[in-house]
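Below, read A as the first sequence line, B as the second, and so on, with proteins coming before strands; counting in each chain starts at 1. Hydrogens, waters and symmetry mates are skipped; everything else that's a heavy atom, side chains included, is used.
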Number of protein chains: 2
Amino acid sequence: MTAAAGQFTIGEAARASGVKVPTIRYYEEIGLLPSPPRTEGGRRSYGGEDLRRLAFIRHARELGFEIEAIRTLLRLQDEPDQSCAAADAIARDHLVAVERRIASLTALRAELARMVEGCSHGHVSECRVIEILADHGECRHHHGGRLDAAGGL
Amino acid sequence: MTAAAGQFTIGEAARASGVKVPTIRYYEEIGLLPSPPRTEGGRRSYGGEDLRRLAFIRHARELGFEIEAIRTLLRLQDEPDQSCAAADAIARDHLVAVERRIASLTALRAELARMVEGCSHGHVSECRVIEILADHGECRHHHGGRLDAAGGL
DNA sequence: CCTAATTCCTCCAGCGACTAGAGGAGCAAG
DNA sequence: CTTGCTCCTCTAGTCGCTGGAGGAATTAGG
């Protein structure tokens with residue numbers, strides 16, 4: 001460790017924040033994280049403020065905020081005299097989106113549960129799972145849009 | 001209409017199934033939907049079986065099944081004498097994933113609700129929303145992975 | 001001081017599941 | 001015959017990363 005106190009390598013920043021190294025570089029590339037100074041050898045050298053920013057980003061991503069929303073939130077954070085109405089609006093919008101998502105996933109769960117329960121574990125020709133998928137009319141699930149299958153956690 | 005009865009253009013297939021035209025071509029490209037015969041002029045001509053397959057795919061996508069899972073389900077559907085254990089397993093796995101997702105979104109909703117409620121609508125410097133995002137320690141949300149913000153419906 | 005292991009650098013490609021646009025051909029109706 | 005719609009192919013872009021190649025720099029051990 002030749003570096004000054006309070007300076008961190010990208011690897012240390014990654015371990016401290018829980019954001020992977022390539023992701024940190026990606027955040028820099030898209031301008032979400034400022035380009036840090038470099039050491040003589042050309043390596044990124046982060047300070048405490050950068051780590052805080054990174055933690056902020058990580059937490060916001062965990063909460064499902066999009067990069068563009070986070071960009072706005074970070075700008076707001078940098079200007080503490082401004083009204084926080086904008087931050088409030090972003091959070092509120094997101095809350096509404098999350099609620100819609102929960103509602104649709106709950107409907108989905110019900111349909112999947114019915115599929116699985118109805119399955120008699122015999123042949124495909126009499127399988128509820130296949131049957132319900134083949135015939136939308138048979139289910140109570142009406143027309144949400146698409147859901148991502150896997151998604152986070 | 002010069003085409004034989006029971007034959008449909010890609011546009012008609014799209015309207016009938018609710019899958020967009022470019023998406024149908026995409027499904028063909030990735031081998032999810034068989035390449036249909038073409039008319040003299042080179043246009044795709046779909047039959048009733050294709051429409052049924054497309055409806056199956058659409059429904060499964062609405063239910064959040066991934067393309068690869070759908071590919072497996074379609075193969076199963078084509079062999080009605082096989083055991084449906086595989087289909088059952090896919091649906092069960094997906095149900096578990098959906099349940100996990102609901103649980104994490106519910107935790108998320110709670111945190112977002114606390115953020116929004118705590119906001120005093122004053123300046124950014126004392127905004128709960130910004131504050132909670134900046135300090136993970138302040139919240140009860142512990143370490144799920146990432147969630148997609150928008151996603152389906 | 002030398003070496004080996006680790007970490008870092010840049011650049012480019014790929015994921016999933018589409019979506020959008022360019023540029024052109026076919027085809028049905030007026 | 002022209003208008004306007006649909007269709008064709010092909011390419012590139014979306015979002016938020018993730019991974020690999022190929023090489024330089026640093027660190028730890030001997």
Side-chain angles (χ1 to χ4, degrees), chain A residues 1-4 7-33 35-46 54 57-71 94 97 145-153, chain B residues 1-3 7-33 35-46 54 57-72 94 97 145-153:
Chain A
M1 258 174 227
T2 327
Q7 296 309 123
F8 308 92
T9 67
I10 197 169
E12 287 160 354
R15 278 186 292 278
S17 66
V19 178
K20 288 184 196 157
V21 169
T23 305
I24 295 177
R25 287 198 278 248
Y26 168 73
Y27 287 160
E28 181 182 334
E29 193 187 307
I30 63 169
L32 205 57
L33 200 62
S35 300
R38 303 288 183 117
T39 66
E40 259 182 71
R43 281 143 187 241
R44 291 169 177 83
S45 175
Y46 295 97
L54 212 39
I57 295 169
R58 198 217 166 175
H59 191 193
R61 284 297 298 138
E62 265 172 20
L63 290 177
F65 288 93
E66 289 171 13
I67 297 287
E68 284 315 303
I70 295 174
R71 206 187 286 280
H94 188 48
R146 264 116 242 252
L147 254 346
D148 287 349
L153 64 146
Chain B
M1 258 175 229
T2 327
Q7 296 310 121
F8 308 91
T9 67
I10 197 169
E12 286 161 354
R15 277 186 293 276
S17 66
V19 178
K20 289 185 197 156
V21 168
T23 305
I24 296 176
R25 287 196 279 247
Y26 167 72
Y27 287 159
E28 181 182 334
E29 193 188 307
I30 63 170
L32 203 59
L33 202 62
S35 300
R38 303 286 183 120
T39 65
E40 259 182 71
R43 279 138 188 248
R44 290 171 179 83
S45 174
Y46 295 97
L54 212 38
I57 295 169
R58 198 218 166 175
H59 193 193
R61 284 298 296 136
E62 267 172 18
L63 290 177
F65 287 94
E66 288 170 16
I67 297 288
E68 283 317 301
I70 296 172
R71 205 187 289 279
T72 304
H94 188 50
R146 267 112 238 258
L147 255 344
D148 288 350
L153 64 144

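- You'll find that the side chain of Ile67(A) is closest to dG16(D), out of dT18(D), dT19(C), dG16(D).
- Rounding to whole angstrom units, CZ of residue Phe65(B) and P of dA17(C) are separated by 13 Å.
- The nearest whole Å value for the distance from the OH atom in Tyr26(A) to the C1' atom in dG16(D) is 5 Å.
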For residues 14-21 of chain B, dump all side-chain donor-acceptor pairs below 3.5 Å to protein atoms at least two apart in sequence or in another chain.
from	atom 1	to	atom 2	distance (Å)
Ser17(B)	OG	Ala13(B)	O	2.8
Ser17(B)	OG	Val19(B)	N	3.1

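- Atoms CD1 (Ile30(B)) and P (dT19(C)) sit 12 Å apart, rounded to a whole Å.
- Nearest heavy-atom pair, Glu28(A) versus Arg38(A), reported as atom, atom and distance to 0.1 Å: OE2-NH2, 4.1 Å.
- The nearest whole Å value for the distance from the CD atom in Glu40(A) to the P atom in dC8(C) is 18 Å.
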Nucleotide N/O to protein N/O under 3.5 Å, stretch nucleotides 10-13 of chain C:
from	atom 1	to	atom 2	distance (Å)
dT10(C)	OP1	Arg38(A)	NH1	3.3
dT10(C)	OP1	Arg38(A)	NH2	3.0
dT10(C)	OP2	Arg44(A)	NH1	3.0
dT10(C)	OP2	Arg44(A)	NH2	2.9

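- Separating the CG atom of Leu54(A) from the C1' atom of dC17(D) is a distance of 14 Å, rounded to the nearest angstrom.
- Between Ile67(B) and Tyr27(B) there is a side-chain heavy-atom pair separated by less than 4.5 Å.
- Judged purely by atom type and a 3.5 angstrom limit, His94(B) uses its side chain to pair as donor or acceptor with the backbone of Leu63(B).
- Look at Lys20(A) and you'll find a side-chain N or O under 4.0 angstrom from OP1 or OP2 of dT18(D).
- In this structure, Leu32(A) atom CG and dC17(D) atom P are separated by 9 Å, rounded to whole Å.
- Whole-Å rounding puts the Leu33(A) CG to dG16(D) P distance at 16 Å.
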Write out a two-atom table: protein N or O, nucleotide N or O from nucleotides 3-7 of chain C, distance below 3.5 Å.
from	atom 1	to	atom 2	distance (Å)
dT7(C)	O2	Arg43(A)	NH2	3.0

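- Partners of Arg71(A) by side-chain hydrogen bond (donor to acceptor under 3.5 Å, both in side chains), not counting sequence neighbours, listed by chain and number: Glu68(A).
- Counting heavy atoms from C-beta on, the side chains of Arg43(B) and Thr9(B) never come closer than 4.5 Å.
- A pairwise comparison of heavy atoms in Arg25(B) and Arg44(B) identifies CD-NH1, 3.5 Å as the closest pair.
- Between Thr23(A) and dG16(D), a side-chain N or O to OP1/OP2 separation shorter than 4.0 Å is absent.
- Counting all heavy atoms, side chain and backbone alike, Pro36(B) lies closest to Ser45(B) at CB-O, 3.5 Å.
- Within the 4.0 Å cut-off from OP1 or OP2 of dC18(C), at least one side-chain nitrogen or oxygen of Tyr27(B) is found.
- With rounding to whole Å, Ile70(B) atom CD1 is found 12 Å from dG16(C) atom C1'.
- Residues Glu62(B) and His59(B) are in side-chain contact: their nearest non-hydrogen atoms beyond the backbone lie under 4.5 Å apart.
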